[in-house]
Number of protein chains: 2
Amino acid sequence: MPKHRPLSEDALQLVAARFAVLAEPMRLRLIQALFDGEKNVTELVGVTEGTQANVSRHLQTLTAAHILARRKEGLQVFYRISDPTIPKLCELVCGSLEKSLTRQIGHLAPE
Amino acid sequence: MPKHRPLSEDALQLVAARFAVLAEPMRLRLIQALFDGEKNVTELVGVTEGTQANVSRHLQTLTAAHILARRKEGLQVFYRISDPTIPKLCELVCGSLEKSLTRQIGHLAPE
DNA sequence: CAAGTATATGCATCTCTGCGCATATAAAGT
DNA sequence: ACTTTATATGCGCAGAGATGCATATACTTG
């Protein structure tokens, strides 16, 4: 089991690609909307206030990255979060950002 | 303390921006090179096999994102990881990718 | 103060990706 | 079979960012 060995060039590209998928506000909105269970595309379009085409594309991207999973039911397609590390990932980043922002606020009002 | 409330639009942009910073192989190489302590720019150029200009730029980006910190000593500038969540972040992603890849390998050789 | 070394930056280019628009596919109902 | 509803995709454009080259800045030494 490789734990902390330096990553190969290929591995780095994979990691970078995964971060890139998460680097779009619209995709984060979709992920966030799915935190409380699966939704179909139309619902997601409503929640995120994006066009249907765009939402569909982003859902494709997220599914290809194995972050979401699809389930077809008649005319509708339901998406859900399939990667359990996603919530933890978001928590980590949010926590880090909170700290960073609190520090900045401190700098704005020193005394 | 906000824990699992839906993020505002601004917050989403910040999170996305942070992921974007981590979405470059060269920057990941730099981060990886700094896991075992601080290094100056020339050392980092050597390790990552990039041009000096490029490495310098990426270091700027990482520092602006509060992921790295700078320390000047004479002519040299030493960089180090300043955000303690970065290693955990990378671990999470790597673990998730390993699982994903193992699953794919399983598909290639089912029995 | 001139020369050399370490690091940063301006500029041009090139690629990649997100978006809007229109249209295609798929499934259900009439 | 035709229409309607839900979802996906082809195409073109525009903006962002990564890279290379040259050059600027900062500090040190002679």
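Chain letters run A, B, ... following the sequence lines, proteins first, then strands; residues in each count from 1. Quantities reported herein were computed from a predicted structural model and do not represent experimental measurements.
Looking at the side chain of B:R70, the nearest of the listed nucleotides C:dA8, C:dT7, C:dT5 is C:dA8. Of the listed nucleotides (D:dA6, C:dT7, C:dA8), C:dA8 has the atom at the smallest distance from the side chain of B:Y79. The B:M26 side chain lies nearest to D:dT19 when the options are C:dA27, D:dT19, D:dA18. Closest to the side chain of B:N54, out of C:dC19, D:dT19, D:dA8, is D:dT19. Counting only heavy atoms from C-beta on, A:K72 has its side chain closest to C:dA26 among D:dA8, C:dA26, C:dA8.
Atom CD of B:E24 is separated from atom P of C:dC16 by 12 Å (rounded to the nearest Å). Between B:F78 atom CZ and C:dA6 atom P the separation is 11 Å, expressed in whole Å. The nearest whole Å value for the distance from the CG atom in B:L44 to the P atom in C:dA8 is 10 Å. In this structure, the CG atom of B:L22 is 16 Å from the C1' atom of D:dA18, given to the nearest Å. Atoms CG (B:N40) and P (C:dA8) sit 10 Å apart, rounded to a whole Å. The CG-P distance, from B:L59 to C:dT9, rounds to 11 Å in whole Å. One atom, CZ of A:R57, and another, C1' of D:dA6, lie 16 Å apart when rounded to the nearest Å. Rounded to whole angstrom, the span from the CG atom of B:L68 across to the P atom of C:dA8 amounts to 12 Å.
Between A:T42 and the phosphate of D:dA6, there is no side-chain N or O to OP1/OP2 separation shorter than 4.0 Å. For the pair A:H58 and C:dC19, the criterion of a side-chain N or O lying under 4.0 Å from OP1 or OP2 is met.
Taking for each of A:L75 and A:R27 the nucleotide of DNA chain C with the nearest heavy atom, the 5'-most of the two is the partner of A:R27. Ranked by how close their nearest DNA chain D nucleotide is to the 5' end, B:A23 and A:Q76 are led by A:Q76. Each of A:E73 and A:T61 has a nearest nucleotide on DNA chain C; the 5'-most of these lies closest to A:T61.
Within 4.0 Å (heavy atoms only), A:A53 reaches at least one base atom of the nucleic acid. Within 4.0 Å (heavy atoms only), B:S56 reaches at least one base atom of the nucleic acid.
Heavy-atom neighbours of A:E49 CD from other residues, nucleotides or ligands within 6.0 Å: at or below the threshold of 12.
In this structure, B:N40 and B:T42 approach most closely via the heavy-atom pair OD1-N, 3.1 Å. Nearest heavy atom pair, residue A:A33 against residue A:L44, reads CB-CD2, 3.9 Å.
Evaluation of atom-type donor-acceptor distances gives a pair under 3.5 Å for the side chain of A:Q52 against the base of D:dA8.
Not one N or O on the side chain of B:R70 forms a donor-acceptor pair closer than 3.5 Å with the backbone of B:V77. For the pair A:T102 (side chain) and A:E98 (backbone), a donor-acceptor distance under 3.5 Å is present.
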Discussion item. As a quick check of understanding, evaluate side-chain contact (heavy atoms from CB on, under 4.5 Å) for B:V47 and B:R29, giving each step before the final call.
Written reply: CA-CA 9 Å; B:V47 173; B:R29 255 180 295 186; over 6 Å; no
